[in-house]
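Beneath this line is the structure, given in structure tokens, with notes to follow.
Computed from a predicted model, the values in this text were never measured in an experiment. Ligands are counted one by one from 1 in listed order, and the atoms in each one are counted from 1 as well.
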Amino acid sequence: MSWTPGASLASPLAAPTPSGWVDAAVAGWREILVDHAHCEKKAASSALALIFAYPEDEAGALVLSRLAREELRHFEQVTRLMRRLHIRHERRQPSRYATGLRSAVARAEPDRRLDLLLTGALIEARSCERFALLAPRLAAPMGEFYAGLQAAEARHFEVYVQLARSTCQPDAPDRWRERLAALAAVEADLITATDPQLRFHSGPPA
Ligand SMILES: [Fe+2]
Ligand SMILES: [Fe+2]
């Protein structure tokens, strides 16, 4: 697997976050923080799941292992912030966003692996966009923390896109672009449709 660190890629997001979500997230920042802790754990666990699913790709496993460790560090940082703000962790059911993206992933290889990597890329890109939107609207320490997380999520987006590109078959080197566009359309629908729940990756409230 070839890997080009630091390659700059354009954002793949097919729609911007609606302002209604930003307003709801600023008002419901405690709820967002609890869900954010859940997302960091899930990000680490999704990277680990890819290592288990494709063990023959040693180079890819090492890249994902580093990413998983970074997500767990984020989880530890969120937990410290929550403790400081007297907010407790809570069990979460899978969100509409996660379920919707998962249902768009191809069941058969080689597209399945590509889709799993590209949904990872889209989630990271959306997280990056939302940290950037929330950071200036939230008081310290949460605003400062979110400003600091943007760069990591942008980097994770690039990691996933590079991994997806490198898994494309020689006879279809641009397959990742087609799948990224298709998955980005699904992702955009999920974050623009109204949502009964406020989550880090939810749509705007009704
Ligand atoms: Fe993270
Ligand atoms: Fe991330």
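Among the heteroatoms counted here (N, O or S) of Glu153, OE2 is the one nearest to the Fe ion (ligand 1). For the Fe ion (ligand 1), the nearest N, O or S atom contributed by Glu71 is named OE1.
Vertex the Fe ion (ligand 1), arms ending at OE1 of Glu40 and ND1 of His74: the angle is 100° after rounding to 10 degrees. Computed with the Fe ion (ligand 2) at the centre, the His156 ND1 to Glu124 OE2 angle is 100°, stated to 10 degrees.
Below 30°, between 30° and 60°, or above 60°: for Phe75 and His89 the angle between ring planes is between 30° and 60°, a tilted geometry.
Note on Asp115 versus Arg112: no salt bridge recorded, every NZ/NE/NH1/NH2 to OD/OE distance being 4.0 Å or above. Using a cut-off of 4.0 Å between Lys/Arg side-chain N and Asp/Glu carboxylate O, Glu158 and Arg155 are scored as not salt-bridged.
No close placement of the Phe145 and His74 rings is indicated, their centers lying 6.0 Å or farther apart.
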